[in-house]
Protein chains: 2
Amino acid sequence: MAQPKKAASIWDVARLAGVSHQTVSRVVNGSPRVAAATRDKVLEAIAELGYRPNRLARSLAGGAIESVTVLAADTSLYGPEAALRGIEKAARSLDWSVQISVLDPADTHSDADIVARLPRAGEPTIIMAHDEPGMRAKQVLLDTQPQAMVAIGPYTAEELAASPWLVGMDDGKAAAEATRYLLDLGHETVHHLAIPTSTGTFGGGKAHRAEGWSRTLREAGREVPEAVPSGWTFAEAFKAVQPLIADRSVTAILCGNDHLALATLRAAHLAGREVPGDLSIVGFDNTPFTAYTTPALTTVNQDFESVGRGAFELLRHRVDSTNPRPKPSWPEPELIVRETSGPPRSRS
Amino acid sequence: MAQPKKAASIWDVARLAGVSHQTVSRVVNGSPRVAAATRDKVLEAIAELGYRPNRLARSLAGGAIESVTVLAADTSLYGPEAALRGIEKAARSLDWSVQISVLDPADTHSDADIVARLPRAGEPTIIMAHDEPGMRAKQVLLDTQPQAMVAIGPYTAEELAASPWLVGMDDGKAAAEATRYLLDLGHETVHHLAIPTSTGTFGGGKAHRAEGWSRTLREAGREVPEAVPSGWTFAEAFKAVQPLIADRSVTAILCGNDHLALATLRAAHLAGREVPGDLSIVGFDNTPFTAYTTPALTTVNQDFESVGRGAFELLRHRVDSTNPRPKPSWPEPELIVRETSGPPRSRS
DNA sequence: ATAACCAAAGTGATCGTTAACATCACTCGG
DNA sequence: CCGAGTGATGTTAACGATCACTTTGGTTAT
């Protein structure tokens, strides 16, 4: 019925069931110290009134927090989007609520500004720290309320093991694998179109994808070309990649993510360079569209949803250490070979 | 400072400033009935303690709600993602918080289950009602708490004007425009690969994209082919579109969204049909990747972020009618002609 | 001079819930 | 038959804020 009548409170239930409000609370929270008959009476009253506990009051009264705030800068990328989905699913299955707050790099955020996004001080928070605004937010929260924070981002296995507040995949290793694959195909060297966070050191983080790439080249005794820095958007990538496309000696490009790879593919096509004949392109993340481009993109699959779930579990552990600390156990990154990679055309 | 000390409350501020907690409340809420000197003392104390009002306590005490819950089934599509961003921006600028809850069609949701997602009864809610789970949630909430709900989805101008809780774009009109464009290019008729909500009537909603398409064909006196139903994923679309690709008499396909269009493009390529020579393909939504596929997709641009903003404004009006009712005033859908559309090859 | 008025600040109730403690009726061992 | 222990409830006090009153002085009108 569409009546905007006020929601029933624990007192209404208590009155109807003929018990004290505290007894209702016990029933709702599954305390064992309630007689079966009383419990039934209460449950009946709850059903009749359609009573649902008020989350706000519950946490106000010192109960569990049961709410996570996710801070993210760019939810249009597949990675953050999938991780958010993972967090939400994990959270919902435990009846936590998820708040989201988008960090707009356009706003000039003071540090206080970032903290102010949390609905309450000390609010449990997960940060998508794969880009500059995210890294910055991570740092701010790390200084302010470290115990209630978890960051998701690209880190090496050692970093992940050392930091009790990090969750992520080993991007360096994945990049190494992709680079290795291209070298094995016979490419002299591999060039790299890098996402912003990979070009420098942000918030103390290292350039993991770029690092794995250059390390592999070095280990193979190859020349390590300068990484080409790109922005996050298709347009920026398209512009940034032009020199690599124009340079006929470039036979393989490892791209920092699939958006950059698609822009590279487009640029190659417009410049008349055949893919993978003239040029091999490998992306990163296995964004859904990659399987349906023409040619279909070779890329590295990442199980972001698992990472999101892992982040949530870790957060629960950190907020309340009676919860088990999850071991980082999502699937390893996996190279998916499709149609944009192949051996270089032999120079005859 | 990494001290996990408890957050300051209004009482702590009051004690430090040497006033009552109510006076602090007045300062915080900008009441004019406070002496300048007192206000300064309080502000100083606030700054010193780093005090931030507790949202939970605030809304518990009967203050404004200042929180929206967004219900969405699929946040991986560009439309919902962009709309969510619009909502979040609008909400944050007014200091509201945004909760998100993903409707997983895999879970069998009872109606009560949907209501239970709201953190409190009567919680202001925005529903992304462009797909089946969304439509269903819309219906459930419409029956339960209509006054605190707004739905975003595809509706005709008349529907939008008639329903005080609807926000959306005129998909039918946009589809008509795209169809008209293809006919004007010289195509005999236009086929339609339809998103799930367009194939039937869901929750009382009509099949707007399909409807605009068929109406235009009818008005032009053309044969109206059966619309081909597809699922939301690339894989489903790829499979569903095969008969259209195989049929050489098909020269133009209007796709229900850009994902379907990309899958169609891929299928056409694999079948050796040239685009746009043999086949014109038009998508829907102007998802960012569409400008960078090869060939680049012709599509219909939609300003989802504005729609999201509009939904939030409308919600504010409905929750508290002293807020102005926003007029639906986002930009009209706009056809973006790129490379997948052209005149049919003349049959000589 | 006194009532009336007003701005500024304080007091106490309230929101819905949980935590801590108090109470009460039994049962049981000695 | 008494005191201790226990299981099932009730009572009271937070939690952090707002709201509706009340109090306190100082002006102003009569």
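Below, read A as the first sequence line, B as the second, and so on, with proteins coming before strands; counting in each chain starts at 1.
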Exercise. To the nearest Å, how far apart are A:Arg15 CZ and C:dT17 C1'?
Worked result: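 That distance rounds to 16 Å.
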Can you tell me the distance, in whole Å, between the CD1 atom of A:Ile10 and the P atom of C:dT14?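 The distance from CD1 of A:Ile10 to P of C:dT14 comes to 18 Å, rounded to the nearest Å.
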- Taking all non-hydrogen atoms of both residues into account, name the closest pair between B:Lys138 and B:Met149 and its distance.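 It is O-SD, 3.7 Å.
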Self-check item: Five-pair end axes of the helix from C:dA1-D:dT30 to C:dG30-D:dC1 and the angle they enclose, rounded to 10°
Solution: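 That helix has its two terminal axes inclined by roughly 60°.
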* Asked: Given B:Leu16 and B:Glu48, is the side-chain contact (heavy atoms from CB on, under 4.5 Å) satisfied, shown in steps?
  -> CA-CA 9 Å; B:Leu16 183 62; B:Glu48 185 171 336; 4.0 Å; yes
Return yes if a side-chain donor-acceptor contact under 3.5 Å exists between [X] and [Y], otherwise no.
X: B:Ser31; Y: B:Arg26; result: no
X: B:Ser67; Y: B:Glu123; result: yes
X: A:Thr75; Y: B:Glu81; result: yes

Hey, what do you get for [atom1] ([X]) to [atom2] ([Y]), rounding to the nearest 0.5 Å?
X: B:Ile46; Y: B:Asp12; atom1: CD1; atom2: CG; answer: 11.5 Å
X: B:Asp40; Y: B:Glu44; atom1: CG; atom2: CD; answer: 8.0 Å
X: B:Lys89; Y: B:Glu305; atom1: NZ; atom2: CD; answer: 4.0 Å
X: B:Gln99; Y: A:Ile100; atom1: CD; atom2: CD1; answer: 11.5 Å

Checklist entry - Does A:Arg58 make a side-chain N or O approach to OP1 or OP2 of C:dG16 shorter than 4.0 Å? => result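 Negative; the distance criterion is not met.
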Interface polar pairs with nucleotides 8-10 of chain C, N/O, under 3.5 angstrom:
unit_1	atom_1	unit_2	atom_2	d
C:dA9	OP1	B:Thr38	OG1	2.3
C:dA9	OP2	B:Ala35	N	2.9
C:dG10	OP1	B:Ser20	N	3.4
C:dG10	OP2	B:Ser20	N	2.7
C:dG10	OP2	B:Ser20	OG	2.9
C:dG10	OP2	B:Thr23	OG1	2.6
C:dG10	O6	B:Arg26	NH2	2.6

Residue A:Leu60, side-chain heavy atoms: nucleotide from D:dC15, C:dT17, C:dC15 that is nearest:
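Among the listed nucleotides, the one closest to the side chain of A:Leu60 is D:dC15.
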Below 30° counts as parallel, above 60° as perpendicular, anything between as tilted: where do the rings of A:Phe312 and A:Trp96 land?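 Rings of A:Phe312 and A:Trp96: perpendicular, over 60°.
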Worksheet entry | DNA chain C-proximal residues of residues 46-56 of chain B, any heavy atom under 4.0 Å |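 Listed by number, there are none.
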